[in-house]
Structures are given as C-alpha cells and as structure tokens.
Amino acid sequence: MGSPLQAIRGMNDVLPDEAHGWLAFEEIIRNTMYRHGYRNIRTPLLEHTGLFRRAIGEVTDIVEKEMYTFTDELNGEQLTLRPEATASTVRAAIEHSLTYNGPVRLWYAGPMYRHERPQKGRYRQFHQFGAEGLGFAGPDVDAELIVMCAALWKELGLDGIRLELNSIGSSEERASHRVELVEFLETRVDALDADAKRRMHTNPLRVLDSKNPVVKEATRNAPVLMNFLGEQSLAHFDGLKKLLAAAGVPFSVNPRLVRGLDYYNLTVFEWITDQLGAQGTVCAGGRYDGLFEQIGGKPTPAVGWAAGIERLLALWQAAGRVPAPKAPDAYVVHQGEGAAECALLVAQVLRAAGHSVIQHAGGGSFKSQMKKADGSGARIALIVGEDEVRAGELTLKFLRRDASQQKIRRDALVAAFGNALLESTQ
RNA sequence: GUGGCCGUAGCUCAACGGUAGAGUCCCAGAUUGUGAUUCUGGUUGUUGUGGGUUCGAAUCCCAUCGGCCACCCCA
C-alpha cells in the first residue's frame, strides 16, 4: 500500500482468484446475448468529449464533474474516457449506417470511467455490459430487452432483483409537467434541502427522486408526470406492461423513477437489489428515441440498458453461484535422467488430445513436486522417473480418490489417460 | 465532492505508551521416488507513507495515500 507505485484510486486489478469468476460471468453474458439475437459491437474507450456532452447532457452530474477529460497534447483534441457506452454505440451506428437495412440488435461489454468517490460497487474504472435495440419504435423491443435481463438473472441463479418501471413520456409532455412541478415546488421551497433547491430549476424531476424523508414528504402530492402523458405515450407504456405480464416478468411502476442521463424518453426502468447497500441499481435503461438526431444522425428510435458487472458479480459471489475454477486434468511430476524431456512430450500429447496438463517446472524433490501436484487441484498425477523412462511407461496416481496407482504404457498414453480420467470422476 | 470509521507478516487478526506476536500460508525434515492427515524445525514486517509530541510511539497529534460506510451519484 505504501509502495511508491500503486494502481490509480478506484481502478482495481482483478487477480486470478477472482478473474475466473469474471470469465464465467462473461461467458454467460455472451451466451445470453447470442440466444436473444444480439450482435457484439466494440467501440473505442476514448471518444471526442463533444460526443458525451451532446449525448448525456451538459447539466448532468456525469458531464459536469465525473468525466476523465483531457487534451491530447499531440494534436490538441479534447478527449474523454467513455463514462458509458450508449453514446459510442449510437455514434458508431450513425458513422457506419448500421441501421441502413433496418433495425439492429447490439451488445457490448467493457470498462467505463467516472471520477466518483470510490465505494463498494462504485469504482472509477468499472465494467458494464449492455444491449441496444436500434431502429425499433414499438414496446415489443422494450419488452424483449427487459425479458432478456430476467433470463440473465435466472441463468446466473440470482433472485431478489426487482424491476421498477416508469414512462417519462415525450419531451413536450415532460415540459408541460415541468411547468406545474416547478410551480408546486416553489410553494414548498421551505421544506426543500439544498440539493433539492438547486435541482428545482436545473432538473426538477430529480427532486422527486430525493432520498431525504423531509423532501419526500413535502413532495408527496407533487404533480405526477404520468398524468401528463398523451395517448401515444400511454399506449406505448400499456403495450410494454402487457407484454411483460404475458412473459411472466413481475414489475412495479414507480412514477418517480427518472434517469440521470438526458437522452431518455418514454420507457425507463431499473433492476434493483437490496443486497448492495447504496449501490443497489444493478441494471438500468430505457428508450432514447431522440439520441440519434441529437448527435447528428437521422431520427431513429432506440432503446437499451446497461448493467454493472462488478455489482452483479458481488451478488453472484454472495449467492455462492460462482462456479469453482476448473482444475487441470493432470500434473506431470518428473525427476532424473531423461525425465524432463519425456514429461514434456507426455504433456504435449495429452494437451493435443484436449486435456489440461501442468508440467512441473522449477525443480525440487519428488515430495515437493507431489505437493504442487496436489495444490494444483489436478485429478491425476503423472510420474516420470528414470525407471519409467527406461521402461517406456508412466506412473499414474489418482489424487482425488483412494485407488492404487498404476503403470501406463507411453504408446497407449491418450487412451489410458482418457480412461483414468473417467474413473477419476466416479 | 461532504461526513464518519479503519490501515500491523502473502492472508485473517492480536498487542492500545515500554523488546512487534499468533493462526494460516510457504520451505525443510520425520518418509534417501509419492500429495492431501499428523509431528518437528525454519523464513516472513521500514506497523500504508511523511512529519510532530515523548526518555520511549503500532499505540497520542497533524498531514497525505488507500479501504469501508453513509450522503451524493449511478451500473
């Protein structure tokens, strides 16, 4: 810790003991995306700052105080490490005309950067994966995307993640609601805390989102955005609710649910757990029909979500659902004249046959080699000593079951080892 | 960014103003070619870092870095 070189605050190393859980998790993500027909997209970690300013919104917390923005000293460009990936995905879709032949389903995963004060479940470099449906206008894709989340939770064996849903309508509808909301808030201004007062004019919807019980109480009878939605917006919302009900995905409508990014309209939702303290939102998203135009593309309806990998992994670990790391099939112990060469050939042959084999390296006594064989978790130890080299044999010892060791012939290695491996699991 | 709690061996922790310790891990031996159990022995630290107070600081004070919790924000 006191070492002069340490990782940047809030940016963590994922060490091998933990990394295997990441791999398993990422594999489940890939499979789930594949099964739902979503195709992978990979965009740069670095974008022009203007992209995020335009997409996320100038007055959001992310843009105002959380972005890693700097000038490229070599050419003077203003660059930003991506704080989220929807803006980049839409930028790429516009730049490469991805929706030219019709709507597309995309997914991504990777690191994101926000300069926040680190906490459990909140890091400066954190990882998200997300899915986006670009070019789809109806609530059917909204439902599909949400159903995919539910499928993923099931696949991971996670329960206790609840879905909150809301519709924030169109910008016109929000504008007329906003007028009345601000009027209302002005009558209660004495009951508002400093944060709420500041937001009253910058982003009054967020005031309704306050955790402060005094503010909550004061805004209990505030005008509800839902009541300002027109026929079309309501129809979209009803359509989504019907589909979710049909899919058997439970949800609760939270009329105060809003998003911290400006590009959303109509559908917004969050998947929330109570197991992670203040960082309970595990996945969030919504519809962003205006974003394409906002960053210079043709009007294109779109909807998507992003999920926090660290948070979901924390839940996965707490639930004891992370699969144990795969142990190697064999550990090759060797000592004596000609044994190292023989062991290497044995390992090569078995690996070519698809087995996972660790060949001992670094010398040491037979005893210490056997200890390492045990510590590796391998099911079988293969012993190559001078006797075996001379006889064209190997000694095969089961490390996880009580059975006597056996000699196998090197010219029948793959078959004999395959049989032993089957036996070793019985 | 604000407030609070906390940093001691690779890991989990003790010592709370008077010589820095235990368990675990690791290494070696008992078993001169055989692990996991048992027994014996051994290594391990600028007490996060930098200052200060004191005869003496892991312990008290300040700063700084890092972690955790809440606010805030959000995935």
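Chain naming here is simple, since letters A, B, ... match the order of the sequence lines and numbering starts at 1 in each. Only a predicted model underlies this, so the values are computations on that prediction, with no experimental measurement involved.
Taking the nucleotide of RNA chain B with the nearest heavy atom to each of A:Glu270 and A:Gly385, the more 5' of the two is matched to A:Gly385. The residue among A:Cys283 and A:Arg400 whose nearest nucleotide of RNA chain B is located toward the 5' end is A:Arg400.
If you check distances only, the side chain of A:Gln6 never reaches the base of B:G48 with a donor-acceptor pair under 3.5 Å. In terms of polar N and O atoms assigned as donor or acceptor, the side chain of A:Gln369 never comes within less than 3.5 Å of the base of B:U34 in a complementary pairing.
Salt bridge A:Arg198/A:Asp195: present, at least one basic N to carboxylate O contact under 4.0 Å. With respect to the salt-bridge test (charged N to carboxylate O, under 4.0 angstrom), the residues A:Asp274 and A:Arg162 qualify. A salt bridge links A:Glu270 to A:Arg259: at least one charged side-chain nitrogen sits closer than 4.0 Å to a carboxylate oxygen.
The aromatic rings of A:His360 and A:Tyr331 lie tilted to each other, with the angle between the two planes from 30° to 60°. Between A:Phe25 and A:Phe129, the ring planes lie perpendicular to each other; the angle is over 60°, past the 30° to 60° tilted range.
Spacing between atom NZ of A:Lys407 and atom P of B:U34 amounts to 13 Å, rounded to whole angstrom units. Atom CD of A:Glu310 is separated from atom C1' of B:A75 by 9 Å (rounded to the nearest Å). Across the protein-nucleic acid pair, A:His360 atom NE2 and B:U34 atom C1' stand 13 Å apart, rounded to whole Å. Taking atom CZ of residue A:Arg390 and atom C1' of nucleotide B:G33, one finds them 12 Å apart after rounding to whole Å. As rounded to whole Å, 16 Å separates atom P of B:U34 from atom OH of A:Tyr331. Between A:Met11 atom CE and B:G66 atom C1' the separation is 15 Å, expressed in whole Å. Atom CG of A:Leu399 and atom P of B:A36 are 11 Å apart (whole Å). Atom P of nucleotide B:G35 and atom CG of A:Asp374 are separated by 9 Å, given to the nearest angstrom.
At a threshold of 4.0 angstrom between heavy atoms, the contacts of A:Ile383 include nucleobase atoms, whether or not backbone atoms are also involved. Nucleic acid contact for A:Gly10: sugar-phosphate only, since backbone atoms but no base atoms lie under 4.0 Å from a heavy atom of the residue. Nucleic acid contact for A:Glu388: base, since at least one base atom lies under 4.0 Å from a heavy atom of the residue.
One P atom belongs to B:U19, the other to B:U59, and the distance between them is 14 Å to the nearest Å. Spacing of P atoms, B:G7 relative to B:U49, comes out at 14 Å, to the nearest Å.
The shortest distance between the side-chain N/O atoms of A:Arg311 and the OP1/OP2 oxygens of B:A75 is not below 4.0 Å.
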Find every protein N or O atom lying less than 3.5 Å from an N or O atom of nucleotides 69-72 of chain B, and list the pairs.
from: B:C69; atom 1: OP2; to: A:Lys120; atom 2: N; distance (Å): 2.7
from: B:A70; atom 1: OP1; to: A:Ala278; atom 2: N; distance (Å): 3.4
from: B:A70; atom 1: OP2; to: A:Gln119; atom 2: NE2; distance (Å): 3.2
from: B:C71; atom 1: N4; to: A:Gln119; atom 2: OE1; distance (Å): 3.4
from: B:C71; atom 1: N4; to: A:Arg122; atom 2: NH2; distance (Å): 3.1
from: B:C72; atom 1: O3'; to: A:Arg199; atom 2: NH2; distance (Å): 2.8
from: B:C72; atom 1: N3; to: A:Arg122; atom 2: NH1; distance (Å): 2.6
from: B:C72; atom 1: N4; to: A:Arg122; atom 2: NH1; distance (Å): 3.3
from: B:C72; atom 1: N4; to: A:Gln279; atom 2: OE1; distance (Å): 3.4

For nucleotides 23-30 of chain B, list the nitrogen or oxygen atoms of the protein found under 3.5 Å from its nitrogen or oxygen atoms, one pair per line.
none

Pairs under 3.5 angstrom, nitrogen or oxygen only, protein versus nucleotides 39-47 of chain B, please.
none

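Other residues, nucleotides and ligands contribute only 12 or fewer heavy atoms inside 6.0 Å of the CZ atom of A:Arg42. The 12-atom threshold is exceeded at NZ of A:Lys197, counting heavy atoms of other residues, nucleotides or ligands nearer than 6.0 Å.
Checking A:Glu47 against A:Ser88 by side-chain atom types alone, a donor-acceptor pair falls below 3.5 Å. Judged by distance alone, the side chains of A:Glu173 and A:Ser233 do bring a donor and an acceptor atom under 3.5 Å apart.
Checking A:Tyr263, A:Trp305, A:Phe136 one by one against A:Tyr288, the ring pair (Phe, Tyr, Trp, His ring centres under 6.0 Å) holds for a single residue, A:Tyr263.
Among the nucleotides B:A75, B:G66, B:G33, the one closest to any side-chain atom of A:Gln128 is B:A75.
The two residues A:Cys283 and A:Cys149 have their closest heavy-atom pair at SG-SG, 3.8 Å.
We find the CD1-CD distance between A:Ile272 and A:Gln279 to be 12.5 Å, quoted to the nearest 0.5 Å.
A:His127 is listed as a side-chain neighbour of A:Glu310, based on a closest heavy-atom distance under 4.5 Å.
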